[in-house]
There are 2 protein chains.
Amino acid sequence: MNGQFQIATHVLTLLCKQPGELLSSDYVAGSMNVNPVLVRKEMRKLRACGLIESKEGKTGGYSLALPPQKITLADVYKAVKLPPALGQAKNKPNPDCPVGKQIGTHLDHLADDVEAAIVKKLSTITIFDFVNQFD
Amino acid sequence: MNGQFQIATHVLTLLCKQPGELLSSDYVAGSMNVNPVLVRKEMRKLRACGLIESKEGKTGGYSLALPPQKITLADVYKAVKLPPALGQAKNKPNPDCPVGKQIGTHLDHLADDVEAAIVKKLSTITIFDFVNQFD
DNA sequence: TTGTACTGTAATATTTTTTATTACAGATAA
DNA sequence: TTATCTGTAATAAAAAATATTACAGTACAA
C-alpha cells in the first residue's frame, strides 16, 4: 500500500486547478486525508525534479514550476520513484544453482523493460490532460 | 519488497529446464533461498491459472501444465496478482473537495491503463524465451 | 521587533504488508 | 506402515509505509 504517486498527482492537480495561488501542505493534506509531513516529503521529490516550486515562511506554499502541459505523469512517476512494478526478491538466489546464478541478471533486465513500458505509457499523459478529465 | 513474481518465474524456469521431472517445493526453495511454504503458495496461484500441475504424496512435486512456448510472462503476472504498479492510496480523499471527490475514479482508470501496458509488454515474452537467455 | 504561519527535516511510533516458521492433515509410493 | 511429498492454517518475525511529534529556519505583517 504505497500512495506516493497518488499524493503527488493529487497535489499537482490542485496546483493546476488553482494557478497563481500558493497551496500549503496542510490544505493539500486535508483534501486527501493524509499527513502534512507526508505531503512535504513528496513535494521535496517533485521540487528536486523541477516540477514545482516552494516558498517558505508565512504565506508560503507550493506552486507549479512549469506549465501543466509540460508536466507528464511519467515525470511524476520518475520523481516519486516507486518500488519496481514486478517487485523485488528479498533474498539472493543460490549461486550454486545454474539457474539461481543467472536469474538475477535476467530479471533485472526484464524489470527495466517493464519500467520503460510504464514510463512510455505515462509520458503520453500530461497533468493538463489529467486535470481536463475533471468536471 | 515483494518477490512473488520472482518466485513464480524462478520455479517456471526450473521446470522448463528439467522437463518431465517433478520438482519439490523444498528443492525449488533451496535454489532461491526462500521458504518452501511461500513456494507452495505461489504454486497454488499458478495451478489455479492452469500454468502448472502438482502431484501430492511421495515422489510428488510440480511440473508444467503447458509447453513453455505457450506460457507468457503476462500469464505469470496475472496469476500472482501483484499490487498495482502505481501504488494505491490508503485513505479516501475528502469528498467535500471538488478534486478529492473525483480523483479516485481518474486514478483508477489510469491504473488500469498502466496495468494494460505492463501486460502488453509481458505478453510478448514466453517462459521459453526467458529461459533461452540462460547459458 | 515580535508574533504568526508557513516549509524543511529528523526522530519515533503505529499500522500494514510481506516473509518465515511451525504444525499437521491428507496423499502416494516404496 | 513408513517416508516424503502437497495443501493449508496459524502464528511470529521482519520490512515498509504512514502517522505523529517536535523544532529550527524563513518570511510576512501588525
Side-chain angles (χ1 to χ4, degrees), chain A residues 1-8 10-11 14-15 21-48 51-65 80-94, chain B residues 1-8 10-11 14-15 21-30 32-49 51-65 80-94:
Chain A
M1 192 163 293
N2 181 320
Q4 295 167 17
F5 179 85
Q6 283 74 10
I7 290 174
H10 197 132
V11 178
L14 290 171
L15 293 177
E21 291 182 55
L22 290 182
L23 303 186
S24 74
S25 59
D26 256 52
Y27 170 77
V28 164
S31 165
M32 64 181 77
N33 268 318
V34 91
N35 195 282
V37 176
L38 209 53
V39 171
R40 301 206 281 267
K41 272 185 190 164
E42 295 312 312
M43 292 307 95
R44 170 159 53 173
K45 299 181 197 168
L46 297 185
R47 193 188 47 218
L51 304 183
I52 65 160
E53 286 169 347
S54 64
K55 184 189 167 194
E56 291 185 42
K58 196 172 179 175
T59 74
Y62 302 97
S63 60
L64 291 182
V80 299
K81 274 197 199 161
L82 296 180
L86 295 182
Q88 186 163 11
K90 180 190 163 200
N91 303 327
K92 295 194 176 171
N94 186 345
Chain B
M1 191 164 291
N2 181 320
Q4 294 168 17
F5 180 85
Q6 284 74 9
I7 290 174
H10 197 132
V11 178
L14 290 170
L15 293 178
E21 291 183 54
L22 291 183
L23 304 187
S24 75
S25 60
D26 255 54
Y27 169 76
V28 164
M32 62 182 79
N33 268 319
V34 91
N35 194 282
V37 175
L38 209 51
V39 170
R40 301 207 281 268
K41 272 184 188 165
E42 295 312 311
M43 293 305 96
R44 169 160 51 174
K45 300 180 195 169
L46 296 184
R47 192 188 48 217
C49 293
L51 305 183
I52 64 160
E53 286 169 348
S54 64
K55 185 188 166 193
E56 293 185 43
K58 196 170 179 175
T59 74
Y62 302 96
S63 59
L64 292 181
V80 299
K81 273 197 200 160
L82 295 181
L86 296 182
Q88 185 164 13
K90 179 190 165 201
N91 304 327
K92 296 194 174 171
N94 186 344

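Sequence lines set the chain letters: A, B, ... in the order given, protein chains first and strands last, and positions in each chain run from 1. Just so it is clear, the structure is predicted and the values come from calculations on it, not from any experiment.
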Item to check | Close side-chain approach of His10(B) to Pro93(A), heavy-atom, < 4.5 Å | outcome: yes
Checklist entry - When you match Tyr62(B) and Asn2(A) each to their closest nucleotide on DNA chain D, which lands nearer the 5' end? => result Tyr62(B)
Item to check | Spacing of Leu23(B) atom CG relative to dC5(D) atom C1', expressed in whole Å | outcome: 13 Å
Checklist entry - Between Val28(B) and Tyr62(B), does a side chain to side chain contact (heavy atoms under 4.5 Å, CB included) hold up when you go through it step by step? => result CA-CA 10 Å; Val28(B) 164; Tyr62(B) 302 96; 5.9 Å; no
Checklist entry - Under the side-chain contact (heavy atoms from CB on, under 4.5 Å) test, which residues partner Pro36(A), sequence neighbours left out? => result Ser25(A), Asp26(A), Ala29(A), Arg40(A)
Checklist entry - For the pair made of CD in Gln4(A) and P in dA16(D), what is the distance, rounded to whole Å? => result 13 Å
Checklist outcome for this item: Double-helix bend of the helix from dT1(C)-dA30(D) to dA30(C)-dT1(D), axes at both ends from 5 pairs, round to 10°, gives 0°
Checklist entry - Using a cut-off of less than 4.0 Å, is there contact between a side-chain N or O of Gln88(B) and OP1 or OP2 of dA17(D)? => result no
Next on the checklist: Test side chain to side chain contact (heavy atoms under 4.5 Å, CB included) on Asn91(B) and Met32(A); report intermediate values, then the result.
Outcome noted: CA-CA 7 Å; Asn91(B) 304 327; Met32(A) 64 181 77; over 6 Å; no
Checklist outcome for this item: Looking only at heavy atoms, the pair that brings Val80(A) and Gln4(A) closest together is O-OE1, 3.6 Å
Next on the checklist: Without decimals, in angstroms, what is the distance between Met32(A) CE and dA19(D) C1'?
Outcome noted: 15 Å
Checklist entry - Rounded to the Å, how far apart are Leu82(B) CG and dT17(C) C1'? => result 13 Å
Next on the checklist: Within the 4.0 Å limit for protein heavy atoms, which parts of nucleotides 20-30 of chain D are touched? Write it as a string from 5' to 3', B for base, S for sugar-phosphate only, - for none.
Outcome noted: BBB--BBBB--
Item to check | Upstream residue (5' side of DNA chain D) when Ala89(B) and Gly60(B) are each assigned their closest nucleotide | outcome: Gly60(B)
Checklist entry - Rounded to whole angstrom units, what separation is found between the CD atom of Glu42(A) and the P atom of dA19(D)? => result 11 Å
Checklist entry - Checking Asn2(A) side chain against Gly87(B) main chain: does a donor-acceptor pair fall under 3.5 Å? => result no
Checklist entry - Quick one: Lys90(B) NZ to dA17(D) P, roughly how many Å, whole number? => result 13 Å
Item to check | Phosphate-side-chain proximity, Asn91(B) and dA19(D), N/O vs OP1/OP2 below 4.0 Å | outcome: yes
Checklist entry - What is the distance from CD of Glu21(B) to P of dC5(D), rounded to the nearest Å? => result 14 Å
Checklist outcome for this item: When every non-hydrogen atom of Leu86(B) is compared with those of Phe5(A), the smallest separation belongs to O-CB, 3.5 Å
Item to check | Distance-minimising heavy-atom pair for Ile7(A) and Glu42(A) | outcome: CG2-CG, 3.8 Å
Checklist entry - OP1, OP2 of dC6(C) versus side-chain N and O of Ser24(A): anything below 4.0 Å? => result no
Checklist entry - Do Leu22(B) and Thr59(B) have side chains that get closer than 4.5 Å, going by heavy atoms? => result no
Checklist entry - To the nearest Å, how far apart are Asp26(A) CG and dC6(C) P? => result 7 Å
